[in-house]
Amino acid sequence: MAPAKGHFTILYFAAAASFTARSTDELPAPVQACSLFAQLEERYPGITLKVLSSCAVTVNLEYIDIDEDDGLTIKEGDEVAIIPPVSSG
Amino acid sequence: MASSTIVESLRKQIASCEAQLKDLRRQLAEAEHYQQQQREQDSLHQTTAAYSDPFTHDMSYGIHDDFRSEVFAALSHVEVGSPSRKWPLDKTEYKRYGRQLIMPEIGLQGQLCLKEASVLIVGVGGLGCPAAAYLVGSGVGTVGLIDGDIVEESNLHRQVLHSTASVGMSKVDSARVALNSLNPNVRLVAHPSRLTSESAISILQDYDVVLDCTDTPASRYLISDACVLLGKPLVSASALRTDGQLMVLNYPPRPVGDPSGGPCYRCVFPKPPPAESVVSCGDGGILGPVVGVMGVLQALEAIKLLTRQTNEVFRHVEPKPADPPTLLIFSAYSNPMFRSIRLRNRRQKCAACSAQSSVTPEALKSGSLDYVQFCGTISPINALASNERISAENYAKIRLEVNPYTGMEPDKDSHILVDVREKVQFGLCSLEGSLNVPFSTITTTLPNLANTWHNDEIPQAQGWVTELKNHPEKPIFVICRLGNDSQLSVKKMKELGLDHSGQRWIGDIKGGLKAWRNNVDREFPEY
């Protein structure tokens, strides 16, 4: 489902879904990828340390590197996913 | 004690009988084979005998008897011995693998590749069981199994190779019994202990492909590092609750520092999750088919890897570069259930597979790389003072017995018992009269409720605080499953001012419901 105008969709998997107690949010776009974690921390205090620091992040099903992809912007309609490593089995 | 000895003895007897039976079957197969050969040889000799009449032989053959018998021997060797040599697979193998043999993706060459191959399965649990079953079923020549655990009853809903009768057995032995009866043609190699960094290189080096079916972050980094050092492709999967992940890593398995090799586990997840946030299947739960799906997909990826060459050479498909690395995410209750994430190549600064690698075989073998420390450990929670805690036995006295000091009758209403397990667990079983306030609700309750972000959650969050504030005189006992969350809950309740500046006692029951079951009520369910 496409997000509302001026927004992007963010999907939470595994531990990220547990922490936020939801599977998805719609957040205002555009936003710099490097400031995404700060925005999530504001909404979900403690999430950076407990979840985000070890997560893979994707934009439109492509892996991105939050620390190294300078200047990457998350645009309206994008689908971002927060993918914590699942280690059980 | 006595009954466990009997069980043990019966198990041994069964195992011994099964071994005998297996041996008898093998002997029978050999005997039948020999009998068949004999018959064919006899019929040939009869024909020979008809012509070996001393008066006719020179006329018929014009060669010396000795030489003639040699020729017959050679002929009979070709005719009788050929059925097993003429075809690259045994005739039982044609039948057994027929349904996959007729597929162009496998074919005869693919089957021979599988037969030549060896696969190591690290962890014979929820992922390893289905993965091993399909790989052994498909006719992989050698399958290694590593696991140091024993089969528990709570494994059976998902670990499909283990049976009720094998509870208490080592997982590796239990799996061997099941796999051997599934396909006795496969050579099974047992490693009945946990993989360590010291042993990883020497165990992994004998195999073509490694499957990571383990359950901790430390083992995932260890296996990945060892695969990178040895140049082995790694099929890694994991599952928890309703989620699963699958990756084919270090493929193609180029040397360390070669950027054209496939990424390793560290490239995708360079930082391990904080230890306190790591949830096991025992704590978080797991749905059988979720972990089953992931294990089955691991077997599939392994088969694809092992038969890949076949496709290029025998189906005249152009050799193409390996598929771009992907992370497959399975989320059973999402729509779509599967998402395929395109991964990047090796990370430029990867600690394991890049030119700047700091992981060496020597460091691994010497044990100087401490994976457990890298992933962090959780020390047992000890957050409360001793006067803030009560044992399950003493709490039972408050509930069930006359107070020896005051002579007061036991009374459940004299105090409040708060059970901080999540709602689902509380629904399974609980102590009578307990009030359920889930730990997740407690930890997310802010001292100033106006700050709570989700407006719709305020009344609920406020509800439990208000309810407990309504009875300021009653002491609060907090209980959970094992006695950790209860301590943190007590601390949080005090932060929220529920102890009225120390006027009301709030404390936890040591060891939680587990201690209650072990020391007070054996009938209380264990899950």
Side-chain angles (χ1 to χ4, degrees), chain A residues 1-2 9-28 33 37-70 72 78-89, chain B residues 123 125-128 212-220 237-245 263 265 268-274 276-284 286 291 294-295 325-327 329 331 333-334 339-344 347-349 375 440 443-444 446 451 453-454 457:
Chain A
M1 258 211 310
T9 307
I10 183 161
L11 307 171
Y12 305 112
F13 289 96
S18 306
F19 192 93
T20 59
R22 50 184 59 210
S23 58
T24 174
D25 268 329
E26 284 187 12
L27 304 178
F37 283 7
Q39 288 205 9
L40 291 172
E41 179 68 26
E42 221 169 89
R43 295 188 169 231
Y44 305 102
I47 194 173
T48 310
L49 205 62
K50 283 197 170 154
V51 182
L52 300 178
S53 60
S54 58
C55 278
V57 180
T58 68
V59 177
N60 300 328
L61 301 180
E62 293 227 18
Y63 188 95
I64 65 158
D65 197 323
I66 286 276
D67 297 327
E68 286 170 23
D69 291 348
D70 296 331
L72 182 80
D78 279 351
E79 185 192 78
V80 174
I82 303 293
I83 305 164
V86 170
S87 45
S88 310
Chain B
L127 295 165
D212 183 349
C213 304
T214 62
D215 57 0
T216 65
S219 53
R220 295 194 175 276
S238 60
L240 180 69
R241 301 194 175 112
T242 59
D243 285 305
Q245 295 176 350
Y265 192 78
V268 184
F269 295 116
K271 282 183 216 146
E276 65 276 9
S277 75
V278 174
V279 183
S280 69
C281 290
D283 293 334
I286 178 72
V291 68
M294 303 319 294
T326 57
L327 161 61
I329 306 207
S331 193
Y333 287 79
S334 299
R339 273 189 168 78
S340 186
I341 307 293
R342 196 202 303 233
L343 294 174
R344 294 191 169 174
R347 197 177 271 270
Q348 271 184 0
K349 294 174 188 163
C375 295
S440 59
T443 51
T444 51
L446 300 176
N451 291 346
W453 190 57
H454 303 297
E457 283 171 18

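Every heavy atom of this structure was used, including side-chain atoms; hydrogens, water molecules and symmetry mates were not. Chain letters run A, B, ... following the sequence lines, proteins first and then strands; every chain starts at 1.
Residue with the most contacts toward chain A among A237(B), G123(B), C281(B): C281(B) (heavy-atom pairs, distance under 4.5 Å). If you tally non-hydrogen atom pairs under 4.5 Å between each of S277(B), P274(B), S331(B), S280(B) and chain A, the highest count goes to P274(B).
For the atom pair CG (L52(A)) and NZ (K271(B)), the distance works out to 10.5 Å, reported to the nearest 0.5 Å.
For the pair R347(B)/D65(A), a side-chain contact is recorded, criterion being any heavy-atom separation below 4.5 Å from C-beta on. Counting heavy atoms from C-beta on, the side chains of S87(A) and V278(B) come closer than 4.5 Å. Between Q245(B) and F13(A), the closest side-chain pair of non-hydrogen atoms is not below 4.5 Å.
For P273(B), the parts lying near chain A are the backbone and the side chain together; criterion is any non-hydrogen pair under 4.5 Å. Heavy atoms of T242(B) lying under 4.5 Å from chain A are absent altogether.
S238(B) contributes a side-chain N or O that, together with a main-chain N or O of V86(A), makes up a donor-acceptor pair within less than 3.5 Å. Under a 3.5 Å cut-off, the side chain of S54(A) and the backbone N or O of F269(B) do not form any donor-acceptor pair.
Classification of R344(B) and E68(A) as a salt-bridged pair fails, no side-chain N sitting under 4.0 Å from a carboxylate O.
Using a 3.5 Å distance cut-off with no hydrogens or angles, the side chains of R241(B) and S18(A) do pair a donor with an acceptor.
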